[in-house]
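First up is the structure itself, then whatever we jot down about it.
Only a predicted model underlies this, so the values are computations on that prediction, with no experimental measurement involved. Because only heavy atoms are used, hydrogens play no part in the values below, and waters and symmetry mates are left out as well, while side chains stay in.
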Amino acid sequence: MPLTAKQVRLTLQKAIALANLRRAEVGEKLITIHSLAVQAGVAATTVTRLARTDEKAASALSLDLASKIVAVLDCGIEDLLEVVRVDMT
């Protein structure tokens with residue numbers, strides 16, 4: 001039986017997509033990575049790294065930044081992070 005562990009993964013692109021679905025339903029302007037960065041008060045490159053899923057993706061997210069992002073996106077922390085099982089073999 002393979003060993004598995006749990007890992008937390010950022011899902012910022014998914015959170016932005018869900019926020020934009022809600023915004024579209026009420027006729028609000030869609031949010032981009034750049035506008036998210038501006039509204040959260042951080043550099044666009046920071047948000048871009050958080051949204052990446054490759055080897056250049058951010059490896060950490062501060063609680064302060066997470067709270068700013070969920071406030072701008074009007075979502076919960078569970079929309080920004082997910083727990084996945086990873087194979088340890």
With sequence neighbours left out, what residues match A60 under side chain to side chain contact (heavy atoms under 4.5 Å, CB included)?
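If we apply the side chain to side chain contact (heavy atoms under 4.5 Å, CB included) test to A60, skipping adjacent residues, there are no hits.
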
Between the side chain of R52 and the main-chain N/O of A58, is any donor-acceptor distance below 3.5 Å?
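Such a contact is absent between R52 side chain and A58 backbone.
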
Same cluster for L80 and V84 if Ile/Leu/Val/Met/Phe/Trp/Tyr side chains link at under 4.5 Å?
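No; V84 is not reachable from L80 via cluster members.
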
Under a single-linkage definition using a 4.5 Å side-chain heavy-atom cutoff for Ile, Leu, Val, Met, Phe, Trp and Tyr, are L18 and V70 assigned to the same hydrophobic cluster?
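In one cluster with L18: V70, no.
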
Nearest 0.5 angstrom please: L21 CG to L30 CG, how far?
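These two atoms lie 9.0 Å from each other.
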
CG on L61 to CG on L12, rounded to 0.5 Å:
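Reported to 0.5 Å precision, the distance equals 8.5 Å.
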
Residues that R23 engages under side-chain hydrogen bond (donor to acceptor under 3.5 Å, both in side chains), provided they are two or more places apart
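If we apply the side-chain hydrogen bond (donor to acceptor under 3.5 Å, both in side chains) test to R23, skipping adjacent residues, there are no hits.
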
Salt bridge (Lys or Arg N to Asp or Glu O under 4.0 Å) involving R22 - partner list, sequence neighbours excluded:
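Scan of R22 (salt bridge (Lys or Arg N to Asp or Glu O under 4.0 Å), adjacent residues dropped) gives none.
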
Criterion side-chain contact (heavy atoms from CB on, under 4.5 Å) on D79 and L73, from CA distance to verdict:
CA-CA 10 Å; D79 296 319; L73 295 180; over 6 Å; no

Give a yes or no on this: more than 12 heavy atoms of other residues, nucleotides or ligands lie within 6.0 Å of atom CG of L63.
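Count not over threshold, so no.
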
Just grab all the side chain to side chain donor-acceptor pair (under 3.5 Å) pairs involving residues 5-16, residues at least two apart or on different chains.
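Only R9-E82 qualify under side chain to side chain donor-acceptor pair (under 3.5 Å).
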
Do any pairs count as a side chain to side chain donor-acceptor pair (under 3.5 Å) and have a residue in residues 31-41, sequence neighbours left out, and if so which ones?
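Matches after skipping sequence neighbours: T32-S35.
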
With respect to L36, which candidate in I16, T48, L50 satisfies the side chain to side chain contact (heavy atoms under 4.5 Å, CB included) definition?
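In the set I16, T48, L50, the residue that makes a side chain to side chain contact (heavy atoms under 4.5 Å, CB included) with L36 is I16.
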
Take V86 and T4 through the test side-chain contact (heavy atoms from CB on, under 4.5 Å) and record every step on the way to the result.
CA-CA 5 Å; V86 292; T4 60; over 6 Å; no

Hydrophobic cluster of V38, others only, ordered by chain and residue number, side-chain cut-off 4.5 Å:
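Other cluster members: none.
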
